2 protein chains.
Amino acid sequence: MAKATLQKKPVNGMKDVLPEEMQLRQWCMQIIRENYKSYGFTQIETPCVESIGNLSSKQGGENEKLIFKILKRGEKLNIAQAQTENDLADSGLRYDLTLPLSRYYANHMSELPNPFKALQMGNVWRADRPQKGRFRQFMQCDIDILGEPGNLAEIELILATTSTLKKLGFSGFRVRINERRLLRAMAAYAGFSEDAFDTVYIILDKMDKIGMDGVSAELSESGFAPEAVEKCIGLFEGMQQADEPLKYLEEILKDTLEDGVCENLIQIRDAVLAAGQEGFEIVFDPTLVRGMGYYTGTIFEIEMPEFGSSVAGGGRYDRMVGRFTGNDIPACGFSIGFERIITILLDRGFRIPEEKTKVAFLLEKNLPTEKLAGAVKEAQRRRDAGEQVLMVRMNKNKKFQKQQLEAEGYHEFVEFYREALKN
Amino acid sequence: MAKATLQKKPVNGMKDVLPEEMQLRQWCMQIIRENYKSYGFTQIETPCVESIGNLSSKQGGENEKLIFKILKRGEKLNIAQAQTENDLADSGLRYDLTLPLSRYYANHMSELPNPFKALQMGNVWRADRPQKGRFRQFMQCDIDILGEPGNLAEIELILATTSTLKKLGFSGFRVRINERRLLRAMAAYAGFSEDAFDTVYIILDKMDKIGMDGVSAELSESGFAPEAVEKCIGLFEGMQQADEPLKYLEEILKDTLEDGVCENLIQIRDAVLAAGQEGFEIVFDPTLVRGMGYYTGTIFEIEMPEFGSSVAGGGRYDRMVGRFTGNDIPACGFSIGFERIITILLDRGFRIPEEKTKVAFLLEKNLPTEKLAGAVKEAQRRRDAGEQVLMVRMNKNKKFQKQQLEAEGYHEFVEFYREALKN
């Protein structure tokens with residue numbers, strides 16, 4: 001008798017993927033890969049492990065606190081003299097795919113097309129407190145365009161993502177777009193001081209939950225000058241009344257905003273609409289902020305009514321590659337919340353279409369070689385013809401076995417016996 | 001100007017996958033997934049991280065020395081009092097897919113079909129000394145059958161793997177099969193002591209390189225008794241002269257070998273041949289050993305003439321799941337050396353077939369919105385029709401740009417200008 005000495009649960013916060021979910025994941029990945037390919041994106045891969053220096057470079061904001069660090073090996077590890085974590089670890093698991101992509105691009109720029117349209121699908125790790133539907137290892141699915149300074153990048157990223165979501169069976173979603181430079185100009189116009197911008201943004205971000213009055217109250221409670229709060233709220237009221245809020249802003253903010261920022265957003269929106277994909281809307285949303293500090297221009301998010309928070313998000317980060325090379329490179333990316341998509345599809349009870357005929361061969365125990373050979377040959381013939389054939393030993397309780405197999409999608413059974421059946 | 005402060009190389013021993021190789025990898029994965037599916041295997045996934053206890057359980061032999069360990073987090077980490085690595089780390093990156101599969105099966109047995117035919121494709125990590133073509137993160141691609149005690153498992157695993165290799169464009173390979181119990185019986189018959197079996201196996205394993213005389217000499221030099229060496233070599237000579245070496249062994253070893261072991265190997269070989277797949281041979285090889293200590297029965301390997309070592313290997317490990325549950329479960333697996341397959345295909349200059357029409361749209365800079373919208377709409381139409389459309393900004397040196405795009409497989413160009421071309 002064996003002795004059970006090993007741990008059969010996965011490590012805390014990570015999960016085993018069962019066959020049914022795995023099939024759904026593969027089906028989604030295949031659609032995502034195919035559709036992004038039709039937009040000219042090419043798939044790449046970076047190692048799951050990155051150097052600690054890169055992972056702790058302040059590009060990742062809060063995520064940097066959640067890194068799984070990897071112990072140094074061999075002579076590099078000196079436990080007795082170690083004082084801090086960074087004496088013990090020189091690498092860690094990546095917490096996103098954007099930082100590794102920027103490193104990759106910096107490293108291989110001369111071998112890559114310009115602009116470079118990259119697709120990445122891979123796991124990332126964050127030591128978040130485990131909770132329902134949230135895991136410490138999860139898949140991200142990112143597209144990025146590097147080397148394109150113009151809004152062709154944003155337009156393509158948005159169209160590729162919305163069409164992918166549609167192929168995954170979603171509709172009725174809403175693309176929200178905004179601009180970091182616009183946020184800055186609005187905050188400057190209202191008269192907030194620059195070091196308070198981030199606090200102001202966080203409050204603005206709550207507009208859809210707490211409304212204009214709520215935002216006004218929270219700004220006041222945070223100690224901002226009444227004139228600034230008033231001027232800020234005035235801006236939002238002005239936008240509400242304007243036919244084209246972006247034109248209104250362009251006029252109002254002409255002293256604090258670079259030329260063309262509003263025009264650029266209008267063009268992105270109009271070009272996306274022109275593609276004629278149906279089933280979603282795209283709107284300018286001056287309250288959209290997005291967490292990451294590395295964004296430098298446009299930011300966007302997709303929300304789906306049936307799922308509270310966003311299912312995709314991204315933006316322009318023109319200054320990350322420069323951290324690796326000394327030369328900034330325009331960059332813009334969009335990330336699908338793969339795990340959320342899977343959760344929604346599972347909750348919906350979504351079943352992927354079965355393409356192959358599935359046949360189960362039931363073989364009586366101890367078949368003589370020639371009968372076994374006959375079964376094997378027939379299975380090969382049907383597999384070569386494109387069918388899925390499962391060869392299994394026949395159980396004593398054949399009826400129960402067939403019920404089980406039917407539940408797995410096998411609806412045809414072929415039985416092989418040691419001797420011809422007496423009838 | 002940006003300041004370059006980050007490291008643009010991947011961490012030591014791991015690699016970035018460039019688009020061309022990635023395309024090949026995806027193509028291979030798709031073929032592997034599809035073909036294994038037609039044999040009834042279902043894909044699953046386990047976390048890349050496992051507990052240190054499982055990774056250090058002596059199931060992994062030498063690989064356990066190569067584990068990347070992950071630092072404990074939060075209060076669990078006490079650097080000042082730590083004495084050994086295991087005071088610092090409570091998990092690590094998996095070094096193979098077999099141990100995690102056994103844990104997975106132990107954990108989910110009641111939710112899985114019986115027998116369970118699993119396909120896994122995933123990265124594993126080993127802190128090997130980096131060398132050409134060998135990386136510290138690499139993909140493994142395993143199929144396993146759990147819960148099947150009979151040779152249907154071996155037959156299916158071998159046929160599924162050989163047909164997959166054929167679909168990947170390989171032929172002329174050789175499947176070698178052997179049995180751990182047969183190796184033991186031969187060593188016992190010759191009179192070696194049980195604690196010397198592993199040393200004997202390692203020397204036998206060199207037969208194809210150093211020949212019978214070499215093996216004989218090395219056994220003698222290792223200090224084994226002349227009678228044992230002679231009796232061992234006598235066995236091999238007897239097999240060489242026999243029409244059917246397995247029948248010969250069955251007769252000679254009848255006192256030290258369980259009934260049916262030789263018959264079982266013959267049936268596996270004959271059933272595999274009966275399937276009628278062509279382009280490879282399957283042979284019994286009494287010198288095949290395979291490194292891992294966990295094998296309990298049949299072992300097998302596939303070698304390809306153009307590539308020195310094996311491209312696939314596996315065997316039966318009936319006692320691993322029991323380490324997790326207390327109850328042994330029959331298990332057998334076969335692993336394709338995915339990275340070797342990729343290396344061979346890249347060395348051959350293999351090009352995957354291009355399925356889609358690839359069109360590049362070149363857009364002059366600063367197109368007015370209506371022209372941009374026209375281009376976007378036309379791109380959408382062609383993408384919806386199944387074509388791959390790349391939309392890029394037109395460069396000043398359009399001729400060079402087109403040459404670059406042609407190298408990427410774009411052979412049709414559509415140009416969009418701000419104004420109608422004069423001529």
Side-chain angles (χ1 to χ4, degrees), chain A residues 2 4-8 10-11 14 16-17 19 22 37-38 40 42-47 49 51 53-54 57 68-71 73 79 82 89 91 103-104 106-107 113 127 137 150 152 156 267 270-271 274-276 322-326 328 369 372-373 376-377 380 383 388 390-391 393 408, chain B residues 2 4-8 10-11 14 16-17 19 22 37-38 40 42-47 49 51 53-54 57 68-71 73 79 82 89 91 103-104 106-107 113 127 137 150 152 156 267 270-271 274-276 322-326 328 369 372-373 376-377 380 383 388 390-391 393 408:
Chain A
T5 51
L6 302 183
Q7 175 58 253
K8 69 183 185 182
V11 294
M14 302 195 194
D16 291 330
V17 185
M22 192 68 197
K37 194 179 172 196
S38 78
T42 51
Q43 200 168 352
I44 64 144
E45 211 170 78
T46 68
V49 179
S51 71
N54 289 354
S57 62
F68 285 104
K69 297 183 179 176
I70 295 173
L71 214 55
R73 291 185 48 86
I79 298 177
S91 64
R103 183 193 56 66
Y104 176 101
N107 194 23
Q137 170 179 314
L152 204 46
E156 287 281 88
Q267 199 173 49
D270 291 352
R323 298 287 308 270
F324 293 91
T325 60
D328 284 337
T369 300
L372 177 62
V376 164
K377 193 172 171 184
Q380 188 69 47
R383 285 161 175 165
Q388 175 169 336
L390 181 77
M391 286 228 285
R393 212 163 16 110
E408 291 172 49
Chain B
T5 51
L6 302 182
Q7 176 56 255
K8 69 182 186 182
V11 295
M14 302 195 193
D16 290 329
V17 184
M22 192 67 198
K37 192 177 174 198
S38 78
T42 51
Q43 198 167 351
I44 64 145
E45 213 169 78
T46 68
V49 179
S51 73
N54 289 355
S57 63
F68 285 104
K69 297 183 180 176
I70 295 173
L71 214 55
R73 292 184 48 85
I79 298 177
S91 64
R103 183 194 55 66
Y104 176 100
N107 194 24
Q137 170 179 314
L152 204 46
E156 287 281 88
Q267 199 175 50
D270 292 353
R323 298 287 306 274
F324 292 91
T325 60
D328 284 338
T369 301
L372 177 62
V376 164
K377 192 172 172 186
Q380 188 67 46
R383 285 161 175 164
Q388 174 168 337
L390 181 77
M391 286 228 286
R393 210 165 15 114
E408 291 172 49

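None of these values were measured; they are calculated from a predicted model. Labels below follow one simple rule: chain letters A, B, ... track the order of the sequence lines, proteins then strands, and each chain is numbered from 1.
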Exercise. Verify side-chain contact (heavy atoms from CB on, under 4.5 Å) between Met22(B) and Thr42(A), making sure each step is shown before the conclusion.
Key: CA-CA 8 Å; Met22(B) 192 67 198; Thr42(A) 51; over 6 Å; no
Quiz prompt | Structural part of Ile44(A) lying under 4.5 Å from a heavy atom of chain B | solution = both
Self-check item: Donor on one side chain, acceptor on other, Gln7(A) and Ser51(B), under 3.5 Å
Solution: no
Self-check item: Contact winner vs chain B - Ile70(A), Asp270(A), Leu390(A), heavy-atom pairs under 4.5 Å
Solution: Ile70(A)
Quiz item: Closest heavy-atom contact between Gly326(A) and Ala4(B)?
Solution: N-CB, 3.4 Å
Exercise. Kindly give the heavy-atom pair with the smallest separation between Pro47(A) and Pro10(B), and that separation in Å.
Key: CG-CB, 4.1 Å
Quiz item: Would you say Arg383(B)'s side chain and Ser38(A)'s backbone share a donor-acceptor pair under 3.5 angstrom?
Solution: yes
Exercise. Could you check if a side-chain atom of Ser57(A) sits within less than 4.5 angstrom of a side-chain atom of Thr5(B), using non-hydrogen atoms only?
Key: no
Quiz item: Can you name the nearest heavy-atom pair linking Leu372(B) to Ala271(A), along with the distance?
Solution: CD2-CB, 4.0 Å
Practice problem: Rounded to the nearest 0.5 Å, what's the gap from CE on Met391(A) to CG on Leu152(B)? Could you check? | Solution: 5.0 Å
Quiz prompt | Shortest non-hydrogen contact between Ala127(A) and Arg73(B), atoms and distance | solution = CB-NE, 3.0 Å
Self-check item: Check: Lys8(B) main-chain N/O paired with Tyr104(A) side-chain donor or acceptor under 3.5 Å
Solution: no
Practice problem: Might you point out which heavy atoms bring Val49(B) and Gln137(A) nearest each other, and give the distance in Å? | Solution: N-OE1, 4.3 Å
Practice problem: Mind ranking Glu408(B), Glu156(B), Arg103(B) by heavy-atom pairs under 4.5 Å with chain A and telling me who comes out on top? | Solution: Arg103(B)
Exercise. Give, as side chain, backbone, both or neither, the part of Gln380(B) having an atom under 4.5 angstrom from any heavy atom of chain A.
Key: side chain
Quiz item: What part of Arg393(B) lies closer than 4.5 angstrom to a heavy atom of chain A: side chain, backbone, both or neither?
Solution: both
Quiz prompt | From CG (Leu6(A)) to CZ (Phe324(B)), nearest 0.5 Å | solution = 4.5 Å
Practice problem: Look at Gly40(A), Gly150(A), Ala82(A) and state which one has the largest set of heavy-atom pairs under 4.5 Å with chain B. | Solution: Gly40(A)
Quiz item: Between CD of Glu45(B) and CG of Asp16(A), what distance do you get to the nearest 0.5 Å?
Solution: 10.0 Å
Self-check item: chain A contact via Gln43(B) - side chain, backbone, both or neither, heavy atoms under 4.5 Å
Solution: both
